[in-house]
Amino acid sequence: MSEETNKTDIIIVGGGPAGLAAAVTIARAGYKPIVIERGTFAGSKNVFGGAIYTDATKEIFPDFEQTAPLERKNIEHKFAILGENDSTVISYRNNPKDAVSYSVIRAKFDRWMAEEAEKAGAVIVEETVVKELLIDDEKVVGIRTELEDYYANIVIIADGVNSLLSKQIGFREDIKPKDVALSVKEVIKLDKNIINDRFLINDDEGCIYELFGGSMLAKLGLGFIYTNKDSISIGLGITLDELDGTGIKPYELLDKIKSHPTLAPLIKDGETIEYSAHLIPEGGYKKLPKLSGSGVMVVGDAAMLVNNMHWEGTNLAMLSGKIAGETAIFALSQNDFSKETLSKYDKELKKSFIMKDLYTYRNLMDVMHDKKSVFMDFYFKKINTFFEMFTSVNGIPKRKLYRTFIKDFIKERGLCGLFSDGWSVLKLIWSILVK
């Protein structure tokens, strides 16, 4: 088939939130984007914790709260610092009317997004693998699948964290193990009423746990729990360099988290109905790839758009897809698909909170890699030790307990170590708030 008879305006590679948000945006403008998805349906291979954020989702689907397959409205957020057998849990509970996120099942939610894209006029092509991009005179002009070549004025790359297509055109190098995390998750079936009782929530209300320490003490890793209608999602993410050469299996870390005395009662007698794993880009602002070029834009995880400080990924994917879609519409209106025109995508991203937030936390991962054995172990343990001491009633005068705690704290870490830690924190805060 010739190029002229096999050409379309826009091809989007990847049927996740980023690709589908781009497709919906473009289709609503009267164009007919084609989404190429390697799975049996959009969402079949997509995994996350997970929650979607209300504001970001409303920008693309204003009535999603009435039409999307949502699980629970998250009204409480807990932060649990886990020791070997103890824990300190801090909780924030907001007004249910002001909830900022919903728990969802990606297989359901992404399929719904795909259906909305099709209603708007997009074409979803499933079970098709894109092998490479077609290049002509340094311009991306289409894709090569297992069956044939397809041509387009613009290709939007939304193929996930590994993004072989971005690497093919030199937009990024191979990701280093320290810049990507492996997340493993189990979905555990429980009766709705049991979930309500254990998490102290009502029907359709949800609770999120962020888990620190436990089996991940001294490692760059965090865990999570999300409540669904009749199941619990529990998992963790850990950078690949923490696993390299250690013999540690991620599921072993997850099993240990599940058995922690603080968490085990929450999932007791539940039935594991799903196990999944996926990669998460963790490099942050300093590891962002090139985002646009002649005939091409990169969105979502393929663009490394993840704010690991605030657990934001899906919302950034959706909004980057929307911005790429708007840029594509502009380029089509101008009949100009040059890198200069498509750089509008970069400029709009830079003006958005996405890039501003990623820049704010640009030094976070450097500090965490440098100080992980201290911040992710020593201080976590000391927080639990403090609350163990503070809540004890053992006949020892409180002033003596406080003095002993402070003396041991300084002795174990040392004045030089404490100064070094404090200086690292101050520099990080300065870069966040001022520089």
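For this chain, numbers begin at 1 and follow the sequence in order.
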Side-chain donor-acceptor contact under 3.5 Å, [X] with [Y]:
X	Y	answer
E146	T128	no
D241	T239	yes
H77	Y209	no
D63	Q66	no

Original post:
Can you tell me how far the NZ atom of K381 sits from the CG atom of L82, to the nearest 0.5 Å?
Top reply: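 Output value for this atom pair is 13.0 Å.
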**OP:** Would you please name every residue forming a salt bridge (charged side-chain N to carboxylate O under 4.0 Å, His left out) with K286, sequence neighbours left out?
**Re:** D366
**OP:** Using salt bridge (charged side-chain N to carboxylate O under 4.0 Å, His left out) as the criterion, list what pairs up with K347, not counting sequence neighbours.
**Re:**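 Testing K347 for salt bridge (charged side-chain N to carboxylate O under 4.0 Å, His left out), a comparison that skips the adjacent residues, returns none.
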Original post:
Within 45 degrees of the axis of the six-membered ring of F109 and under 6.0 Å from its centre: does R106 put its NZ or CZ there?
Top reply: no
Original post:
For F64, is the NZ or CZ atom of K58 found under 6.0 angstrom from the centre of its six-membered ring and inside 45 degrees of the ring axis?
Top reply: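 The answer is no; the distance or angle limit is not met.
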Original post:
Is there a salt bridge (Lys or Arg N to Asp or Glu O under 4.0 Å) between K372 and E242 once you walk through the steps?
Top reply: CA-CA 11 Å; K372 64 182 179 182; E242 296 287 3; 2.8 Å; yes
Original post:
For the rings on F224 and Y226, is their centre-to-centre separation under 6.0 Å?
Top reply: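 F224 vs Y226: aromatic centres under 6.0 Å.
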**OP:** Tell me whether the centres of the aromatic rings in Y361 and Y285 are closer together than 6.0 Å.
**Re:** no
What is the ring orientation for [X] with [Y], classed by angle as parallel under 30°, tilted 30 to 60°, or perpendicular over 60°?
X	Y	answer
F409	F378	tilted
W423	F419	parallel
F375	Y379	tilted

**OP:** Mind jotting down which residue pairs meet the salt bridge (Lys or Arg N to Asp or Glu O under 4.0 Å) criterion with at least one end in residues 190-200? Sequence neighbours excluded, please.
**Re:** K192-D203
